[in-house]
J.: 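Here's a structure for you.
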There are 2 protein chains.
Amino acid sequence: MPRAGLTPQTVVREAAVLADEVGHDRLTLAALAARLGVALPSLYKHVRGVDALHQKLAVLATTEVATELTSAAAGRAGGDALRAAASALREYARRHPGRYPATQRAPAPDDPEHLAAAERAVGAIYAILRGYDLSGDAAVDATRMFRAAVHGFITLEAAGGFGLPRDIDRSFDEMVAALDTAYRNWRSR
Amino acid sequence: MPRAGLTPQTVVREAAVLADEVGHDRLTLAALAARLGVALPSLYKHVRGVDALHQKLAVLATTEVATELTSAAAGRAGGDALRAAASALREYARRHPGRYPATQRAPAPDDPEHLAAAERAVGAIYAILRGYDLSGDAAVDATRMFRAAVHGFITLEAAGGFGLPRDIDRSFDEMVAALDTAYRNWRSR
DNA sequence: CCATAAAGCTAATGCCATTAGCTTTCGGCG
DNA sequence: CGCCGAAAGCTAATGGCATTAGCTTTATGG
C-alpha cells in the first residue's frame, strides 16, 4: 500500500479547505482524516491534537488576512484605503467562512509566526489610520474601533443576525463611511 | 430517594449559571446533570437535547440583554443614552461571559419568544438613534453599526485580541464617542 | 387508596479524541 | 545493491459526551 505522503503543511491546508466547507466548529480530526484517506490517529504524526490543529489554522488564516489587508491598502490612502481594507476583510470572511473565525484566536505568546502575522494584520490597519493624522493612543483606539466594527459586522452577518429586509451591503458601506467620518473628526470632539 | 424537582425553567437557569462559570462552549449536558445532581439522560425530560438547551439559553440571554438595554436607555437621550446602552451591553458581557455568546444565535423563525426578545433588544437601540434624528434606512444602518461595533469590541476583548498595553476601557469610551460623532454627522456626508 | 402521568434511572450505542504499541515504507549509507 | 533506522501509518483500547430505549418510582388527583 502506498503512503499518503502527508506533511504538517498539507494537513493544515486541507483542514482549511475542510473548515470552509463544513464550518469552523465542525472541523474535526475524524472528518479531516477521512478526507485525507488516512486513519484518524495517523494525523498525530503531523499535528499534536485537535487544539493544535485549530491553532495552526489560526496562523494560516491570520497570515492570509494580513496579506489581504496589506495588498488592499497598497497604493491607496485615506477613505479609499479604509474602504478597500474593510471590503477585503469582509470578502475574505465570505470566501473562507471556516478560516475566518480561526482568526479570532489570540496568538500564543510563544508562537512567533502567529504573533508576527497578527502584528502584520493590525499594522496594516494602523498604517491606514496614519492617513487620517492619527497616531499614538488615538491610532490605537481607532484601530480597535475598526477591528471591532468590521469584525462585529462580519460575525453578525454570518450568524444571520440581521433580520430586517434592508440590504446588508448597503449597511456595510454606510458603516465604513461612518467610520471615515469619525476618523476625520477624531481630534475635534 | 427524593426527587430533584426539576423543570425546564430551572434547568435552563442553571445552565446559564454553569455557562458563566465554565464558558459557553463548555456548557455540556454531562456537566449540567452533575451540577443538578441528576443522571445525564434525565435532562431529556426537560430539554430536547444539547442544541435545544443552547437555544433556550439564547432566549434567556437575549431577554436579559433586552431588559438591560431598555433600562439603560430609560430617561436618557442622545449621547447619554448611547453611552449608557453601550456600557450596559459590555458590562452584561463581562458579568455573564457564558450567556453573552448565546446572544449571537439567530432566533428560529418559529420561536415567538426569541423573536420578541431580539426585537425588544434591537428596538431599544433603534429608539436611541431616533434621538439623532435618524429614521428609516439610516436608522437601520446606524443600528447595525452600533451592534457591530459594540459586539465586535466585546468579542475581541473577551478573546484577548487586544494585545497592546493601551487601556481597553479608554478605547471603548473613545469608540462610543466616535459613534456619537458619526451619528451626529450621519446625514451630512 | 390507588391509578396514571411524569420524573428519574440504568443500559446500550455511536461518535470523537487521545494514547500505546506494532508494521511498513522510504531514503541514505556502507 | 542491500540494509537499517527514522518516520508514516495502522490497529486496538480507553474515556468522554450525546442520544435512545425501556424500566422503576414518585407524586398527585379522583
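Numbered from 1 within each chain, the chains take letters A, B, ... in sequence-line order.
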J.: For the side chain of A:Pro41, counting heavy atoms from C-beta on, which of D:dA21, C:dT18, C:dA17 is nearest?
T.: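 Ranking D:dA21, C:dT18, C:dA17 by closest atom to the A:Pro41 side chain puts C:dT18 first.
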J.: Check every strand shown and say whether A:Ala39 touches a base, only sugar-phosphate, or nothing at a heavy-atom separation below 4.0 Å.
T.: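 Counting heavy atoms under 4.0 Å across all strands, the contact made by A:Ala39 includes a base.
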J.: For B:Leu43 and C:dA6, what is the distance between atoms CG and P respectively, to the nearest whole Å?
T.: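 Whole-Å distance recorded here is 18 Å.
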J.: CG of B:Leu40 versus C1' of C:dT10: gap in Å, rounded?
T.: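 It is 13 Å, rounded to the nearest whole Å.
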J.: Output yes when a side-chain donor or acceptor of B:Arg147 lies under 3.5 Å from a complementary backbone atom of A:Gly161, and no otherwise.
T.: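 A pair under 3.5 Å: yes.
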J.: According to a strict under-4.0 Å criterion, is B:Ser42 in side-chain N/O contact with OP1 or OP2 of C:dA7?
T.: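 For C:dA7, OP1/OP2 do not have a side-chain N/O of B:Ser42 under 4.0 Å.
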J.: How close or far is atom C1' of C:dA17 from atom CG of A:Asp25, stated in whole angstroms?
T.: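 Roughly 17 Å, once rounded to whole Å.
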J.: Quick one: B:Tyr44 OH to C:dA11 C1', roughly how many Å, whole number?
T.: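 Taking OH of B:Tyr44 and C1' of C:dA11, I get 15 Å after rounding.
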J.: In whole angstrom, give the distance that lies between atom CG of A:Leu36 and atom C1' of D:dA8.
T.: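 Atom CG in A:Leu36 sits about 13 Å away from atom C1' in D:dA8.
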J.: Testing B:Arg90, B:Arg95, B:Arg120 for salt bridge (charged side-chain N to carboxylate O under 4.0 Å, His left out) with B:Glu68, which one passes?
T.: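 So the option named by the test is B:Arg95.
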J.: To the nearest Å, how far apart are B:Leu6 CG and D:dT25 P?
T.: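 Atom CG in B:Leu6 sits about 19 Å away from atom P in D:dT25.
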J.: For residues 121-132 of chain B, run the donor-acceptor check on the side chains, cut-off 3.5 Å, and write out each pair with its distance to 0.1 Å, sequence neighbours left out.
T.:
residue  : atom : partner  : partner atom : Å
B:Tyr132 : OH   : B:Gly79  : N            : 3.3
B:Tyr132 : OH   : B:Asp180 : OD1          : 2.4

J.: Using side-chain heavy atoms (C-beta onward) and a distance below 4.5 Å, is A:Phe146 in contact with A:Thr143?
T.: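 SC-SC contact between A:Phe146 and A:Thr143 ruled out.
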J.: Are any side-chain N or O atoms of A:Asp20 and backbone N or O atoms of A:Arg99, one a donor and one an acceptor, separated by less than 3.5 Å?
T.: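 Yes.
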J.: Where each residue is assigned the nucleotide of DNA chain C containing its nearest heavy atom, which of A:Leu29 and A:Lys45 is assigned the position nearer the 5′ end?
T.: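 On the 5' side of the pair lies A:Leu29.
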J.: Please report, rounded to the nearest Å, how far the P atom of D:dT19 is from the CG atom of B:Leu53.
T.: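 For the pair B:Leu53 CG and D:dT19 P, the rounded distance is 10 Å.
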J.: Rounded off to whole Å, could you give me the CZ-to-P distance for the A:Arg48 and C:dA17 pair?
T.: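 Roughly 18 Å, once rounded to whole Å.
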J.: For D:dG9, does either OP1 or OP2 sit under 4.0 Å from a side-chain N or O belonging to A:His46?
T.: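 True: A:His46 side-chain N/O within range (under 4.0 Å) of D:dG9 OP1/OP2.
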J.: Quick one: is A:Thr28 getting a side-chain N or O under 4.0 Å of the C:dC15 phosphate, OP1 or OP2?
T.: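 Answer is no, no contact under 4.0 Å.
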